[in-house]
Every structure is written in C-alpha cells, then in structure tokens.
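Heads up, the thing below is written out as structure tokens.
Every number for a ligand or one of its atoms is a count from 1 in the order of the listing.
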Amino acid sequence: MAHFSANVHEDIKKVLITEEQIRKRVEELGAQISEDYAGKELVVIFVLKGASIFFADLIRSIVVPIRIDSIAAASYGNTTKSSGTVRIEKDIETPIEGKHVLLVEDIIDTGLTLSYLKAYFERQKPASLRVITLLDKPVARKVQLVPDYNGFTVGNEFVVGYGLDYAQRFRNLPYIAIPKDYVWNDEEKE
Ligand code: 5GP
C-alpha cells in the first residue's frame, strides 16, 4: 500500500493550477454558459465522483434556471488507465427528452467514458446536449471528442485535486496538482 501523510498537502509534488486560477476560470465558464443559454432552462448533469467539486462551484456561477442530476460511470481497468468499457452504476432520475442538457465532467483523457455517456444521453432525445470539462488532456485521446467548454488543457500526466482522485485520495485539495512519487508505489516515504 502507498503511504499517505496526515496532511494531504504534504503528499503534493507540484501545484499545476491554483485555487485562484480555478475560481476565475469557473466564473468565466459560468458567465459564458449563462449567456449561451439565456432565456432557456438547463439540466446540468455531473459525473460522479470526480466532477462534484467543479459542478458545485460552476452552478453557482450560472444564472439561468437549472435542474441538477448526477450519473456514476465506472470504466473497467486499473486506476490510472481507462479501458473503454463503461458501466453505468447510478443513473439520472430526470427525464431529459426535449430538455437542454449540460454534462459536467472532471477530465477528458481517452474520451471513451464521455463518448459512451454522450451516446447514452443522445438516445434519450434531449433538445441539445453539450459537454463541459474542467480539464482536457487532448494528447491522450483515443476517440474524437472536443468539449463544448473546457476549463484548462493539461499535458499527459496524472493529476489530482479539486474532485480528482488517486486511489480515492486527494479529492479535497482545493487546487490541481501532481502527487509526490512515493504515492504511486509501495515505497516507504522518507
Ligand atoms: P477517459 O474515458 O476520457 O479516458 O477517462 C475519463 C476518466 O478517467 C475521468 O473522468 C477520470 O475519472 C479518469 N482520469 C483520466 N485522467 C485522469 C487524471 O489525470 N487524473 C485523475 N484523477 N483521473 C483521471
């Protein structure tokens, strides 16, 4: 088992995106969405668990009327690689036929999870379906998928924080970061 410090910040090697940068960008995205959907109502669906923090901040920057819902999707495979086989573990409760739907994701990596979810929602005949992601990792893409809204573009490295986990840890970091090397393996930390 990897070893974790008593204070989660001590297991971080590098902060990539600060709390302040996230706050500013989330406000910009909320303002853009409010403008794009002016006069309409939105169903905002977030993907559990990673997108929960982003979603909670984002919807408070949106001024058009919204309903919220969530979906949990698990992809088979190990913790840092997506396999492409997606299983829905918790479905939405809101009927979305004829509704404007915004799907909120934490990060798009291979794009396999999101393309599955997009097809799943399209079959329910929404009036429109758009995707917003906090982070985009375009170099890792295996299927063509461009988010309608993107917070930040990142390189091909595994990031944690602001909802994103490694082995279910680090979701409570208020920033996006890279953990120290010992987090990935079984070695004792000094
Ligand atoms: P995709 O299907 O696009 O490859 O994977 C999307 C999911 O993989 C994300 O929702 C997230 O759960 C996980 N993921 C992909 N890259 C990262 C990363 O850098 N950090 C974390 N914490 N999760 C990631």
Side-chain angles (χ1 to χ4, degrees), residues 1-2 4-5 8-9 11-19 21-22 25-26 29 44-59 68-92 101-122 129-185:
M1 268 300 289
F4 296 94
S5 300
V8 69
H9 298 274
D11 286 334
I12 292 308
K13 180 161 78 180
K14 188 178 168 200
V15 175
L16 292 183
I17 307 168
T18 66
E19 211 175 337
Q21 286 173 309
I22 295 172
R25 188 72 188 113
V26 170
L29 290 165
V44 187
I45 302 170
F46 70 102
V47 184
L48 287 162
K49 303 170 184 166
S52 56
I53 314 276
F54 175 43
F55 166 83
D57 283 343
L58 178 71
I59 59 169
I68 66 168
D69 213 327
S70 61
I71 190 159
S75 81
Y76 296 98
N78 66 36
T79 42
T80 57
K81 289 233 158 48
S82 184
S83 64
T85 317
V86 179
R87 184 182 67 225
I88 290 177
E89 298 199 319
K90 179 223 163 284
D91 206 346
I92 54 167
V101 174
L102 181 65
L103 187 57
V104 184
E105 184 53 297
D106 54 356
I107 185 165
I108 309 177
D109 187 29
T110 62
L112 293 165
T113 308
L114 210 52
S115 57
Y116 179 91
L117 290 178
K118 272 188 86 172
Y120 179 72
F121 288 127
E122 288 289 8
L129 175 63
R130 283 186 183 172
V131 167
I132 179 167
T133 187
L134 173 70
L135 304 173
D136 191 11
K137 219 190 254 188
V139 291
R141 207 70 99 248
K142 286 189 181 154
V143 288
Q144 225 238 318
L145 200 154
V146 180
D148 300 284
Y149 306 94
N150 172 34
F152 304 90
T153 299
V154 293
N156 202 7
E157 47 197 350
F158 197 84
V159 299
V160 299
Y162 197 69
L164 288 97
D165 74 308
Y166 174 68
Q168 300 300 325
R169 309 281 182 134
F170 300 112
R171 295 193 196 275
N172 53 330
L173 287 175
Y175 46 77
I176 300 290
I178 297 179
K180 286 182 180 160
D181 295 338
Y182 60 70
V183 166
W184 309 125
N185 53 43

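- Screening residues 145-162 for salt bridge (charged side-chain N to carboxylate O under 4.0 Å, His left out) gives no qualifying pairs among residues at least two apart or on separate chains.
- The shell of residues lying under 4.0 angstrom from ligand 1, judged by heavy atoms, excludes Leu114.
- In Lys142, neither the side chain nor the backbone holds a heavy atom less than 4.0 Å from any atom of ligand 1.
- Residue Asp165 has at least one heavy-atom neighbour below 4.0 Å for each of these atoms of ligand 1: 21 (C), 22 (N).
- When each atom of ligand 1 is checked for a heavy atom of Glu157 under 4.0 Å away, the hits are 19 (O).
- Ring planes of Trp184 and Phe158: perpendicular class, angle over 60° (limits at 30 and 60°).
- Here Phe121 pairs with nothing under the ring pair (Phe, Tyr, Trp, His ring centres under 6.0 Å) rule; sequence neighbours left out.
- Within the 4.0 Å heavy-atom cutoff, Val160 does not count among the residues contacting ligand 1.
- Interface of Thr113 with ligand 1, defined as ligand atoms under 4.0 Å from a residue heavy atom, comprises 1 (P), 2 (O), 5 (O), 6 (C).
- Between the side chain of Arg25 and the backbone N or O of Leu134, no donor-acceptor pair lies under 3.5 Å.
- At a heavy-atom distance under 4.0 Å, only side-chain atoms of Asp106, from C-beta outward, approach ligand 1.
- Interface of Glu105 with ligand 1, defined as ligand atoms under 4.0 Å from a residue heavy atom, comprises 10 (O).
- In the vicinity of Val159, heavy-atom distances shorter than 4.0 Å reach the ligand 1 atoms 18 (C), 19 (O), 20 (N), 21 (C), 22 (N).
- Side chain of Lys142 to main chain of Leu112: no donor-acceptor pair is present (N/O by atom type, distance under 3.5 Å, no hydrogens or angles).
- Not close to ligand 1: Tyr166, with no non-hydrogen atom less than 4.0 angstrom away.
- Using a 4.0 Å heavy-atom cutoff, Gly111 is listed among the residues neighbouring ligand 1.
- Annotation for Lys180: atom NZ counts as buried by contact number, over 12 foreign heavy atoms lying within 6.0 Å.
- Remark: side-chain polar atoms of Asp11 are not paired, donor with acceptor, to backbone N or O of Pro179 under 3.5 angstrom.
- The backbone N or O of Gly111 lies less than 3.5 Å from no partner atom in the side chain of Arg141, so there is not a single donor-acceptor pair.
- Residue Gln144 qualifies as open at atom CD: its count of foreign heavy atoms under 6.0 Å is 12 or below.
- Heavy-atom distances between Lys137 and ligand 1 reach below 4.0 Å in at least one pair.
- Ligand 1 lies nowhere less than 4.0 angstrom from a heavy atom belonging to Arg141.
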